[in-house]
Amino acid sequence: MGARRSTRHVVALALAGLLAAGCSAPSEGAPAGPEASAANSPSPSGTTARTWSIVALGDSVPAGSACGCTPYPQLSGEDLASPPDRTVTVANDAVGGYTTDDVLTQLQSDPAVIDRVRAADVVEVEVGANDVGYSSSCGTSVACYQPTVPVIEKNLAAVVARVHALTSGHPVLVVLLDYWSVWLGGQYAAAQGEAYVAAAAEVTDQVNAVIASTASATSSAYVDLRTAFKGPDHAYDETHYLAPDGDHPNAAGHAQIAAATVAQIERALHL
């Protein structure tokens, strides 16, 4: 998913006080950084409201490349920030062009990202498409991309483990998002021919299977974007969710991703 890099977005928004008893509640500490100033304001019930921190990691999809719109990590924060006595921060540390190896390196060596993840209550991760990016050398040969799939699996498991290691002092929800297509989608894919469409679907299946299995094995939330974009039987044409480059979501696509992500967060945390 394109190599254009994105600046980090930090958005202060309204989010929930404490989670219901018995849920995997985030810690009571306010996050580090300038956004922490909104924390600990009194709630109408007389208890102390707290800031809930979301960090997004991954490639150009969460970074918002080719859209010129608000990316889904910020939108998910806005959707969760209701009623108005709730407070949340969203730090978008996704970078266009990143692979699973890049995100793992980021979590191991970028002090600013490490600090934000340490304070996070939710970490949204979408990465893997660039690991199997379409190349002229492989073309539509699915077998040519397959050796990279185990690398994605290994790195993604390491990313989740690293997040949990950094947040070992408090509960954290890791949210893993997959792809509607790891290559071009919708009519943009169709324009490349049937062989391209078939190969894109198969490579996407393999990457999404790794993401889903990693989510299951690590007790992470899983967001099925192929279903969100293409419907339960994957028969819908997702072109209306894509930017003109055919590779990235447009504003409607980011809104759709945010809605699917929020639904999984609310289900996991019983909000």
Side-chain angles (χ1 to χ4, degrees), residues 1-3 5-6 8-9 24 26-27 31-32 53-65 71-73 76-77 90-133 145-179 182 203-204 206-226 257 260-261 264-265 268-269:
M1 293 279 171
R5 301 175 70 89
S6 171
R8 183 175 69 91
H9 306 278
S24 294
S27 72
S53 174
I54 299 174
V55 174
L57 303 170
D59 57 27
S60 56
V61 177
S65 296
Y72 74 78
S76 68
V90 179
N92 193 337
D93 287 304
V95 179
Y98 261 23
T99 64
T100 54
D101 187 64
D102 291 323
V103 173
L104 184 57
T105 299
Q106 187 182 37
L107 286 169
Q108 294 170 334
S109 62
D110 188 322
V113 172
I114 288 169
D115 285 345
R116 285 189 285 274
V117 170
R118 278 197 175 114
D121 300 299
V122 173
V123 177
E124 300 173 356
V125 182
E126 185 176 15
V127 70
N130 289 315
D131 295 66
V132 291
Y145 300 94
Q146 284 180 328
T148 306
V149 176
V151 178
I152 297 173
E153 185 172 26
K154 178 183 177 181
N155 285 345
L156 194 57
V159 164
V160 177
R162 177 62 174 162
V163 169
H164 283 292
L166 290 172
T167 58
S168 59
H170 68 276
V172 64
L173 175 66
V174 178
V175 183
L176 300 182
L177 298 91
D178 69 8
Y179 297 90
V182 294
V203 176
T204 301
Q206 294 180 8
V207 172
N208 286 357
V210 164
I211 296 171
S213 64
T214 302
S216 178
T218 60
S219 299
S220 302
Y222 169 61
V223 183
D224 178 0
L225 292 186
R226 179 175 274 184
I257 297 172
T261 302
Q264 292 302 320
I265 293 173
L269 297 182

Quiz item: What pair of heavy atoms forms the shortest contact from Ser65 to Gly96, and how long is it?
Solution: OG-CA, 4.4 Å
Quiz item: Is there a donor in the side chain of Thr261 and an acceptor in the side chain of Glu124, or the other way round, less than 3.5 Å apart?
Solution: no
Quiz item: Which atom names give the shortest non-hydrogen contact between Ala120 and Val172, and what distance separates them?
Solution: O-CG2, 3.7 Å
Exercise. Verify, without hydrogens or angle tests, whether Asn130 (side chain) and Tyr98 (backbone) share a donor-acceptor contact under 3.5 angstrom.
Key: yes
Quiz item: What residue among Ile211, Leu177, Ile265, Asp178 forms side chain to side chain contact (heavy atoms under 4.5 Å, CB included) with Val223?
Solution: Leu177
Self-check item: Non-hydrogen side-chain atoms of Gln106 and Val95 separated by less than 4.5 Å
Solution: yes
Quiz prompt | Taking every non-hydrogen atom, the tightest pair across Tyr179 and Val61 | solution = CE2-CG2, 4.3 Å
Quiz item: Which atom pair, heavy atoms only, marks the closest approach of Ala260 to Leu225?
Solution: CB-CD2, 4.4 Å
Practice problem: May I ask you to check whether Thr99 and Asp102 show a side-chain donor-acceptor distance below 3.5 Å? | Solution: yes
Quiz prompt | The single option from Asp93, Asp59, Val127 passing side chain to side chain contact (heavy atoms under 4.5 Å, CB included) against Val103 | solution = Val127
Quiz prompt | Heavy-atom donor-acceptor pair, Asp121 side chain to Ser53 backbone, under 3.5 Å | solution = yes
Quiz item: What distance do Leu57 atom CG and Leu176 atom CG have between them, rounded to the nearest 0.5 Å?
Solution: 10.5 Å
Quiz item: Can you name the ring-ring contact (aromatic ring centres under 6.0 Å, His included) partners of Tyr222, sequence neighbours left out?
Solution: none
Self-check item: Residues Tyr72 and Glu126: side-chain donor-acceptor under 3.5 angstrom
Solution: yes
Per-pair distances, 0.1 Å, donor-acceptor, side chain in residues 152-164, under 3.5 Å, sequence neighbours excluded:
unit_1: Asn155; atom_1: ND2; unit_2: Thr100; atom_2: OG1; d: 3.1
unit_1: Arg162; atom_1: NE; unit_2: Leu107; atom_2: O; d: 2.9
unit_1: Arg162; atom_1: NH2; unit_2: Leu107; atom_2: O; d: 3.1

Quiz item: When you look at Val174 and Thr218, which way does the side-chain contact (heavy atoms from CB on, under 4.5 Å) test go after all the steps?
Solution: CA-CA 9 Å; Val174 178; Thr218 60; over 6 Å; no
Practice problem: Of all the heavy-atom pairs spanning Ser213 and Val210, show the shortest one and how long it is. | Solution: OG-O, 3.0 Å
Practice problem: Give the minimum heavy-atom separation between Pro71 and Ala63, together with the two atoms involved. | Solution: CG-O, 3.7 Å
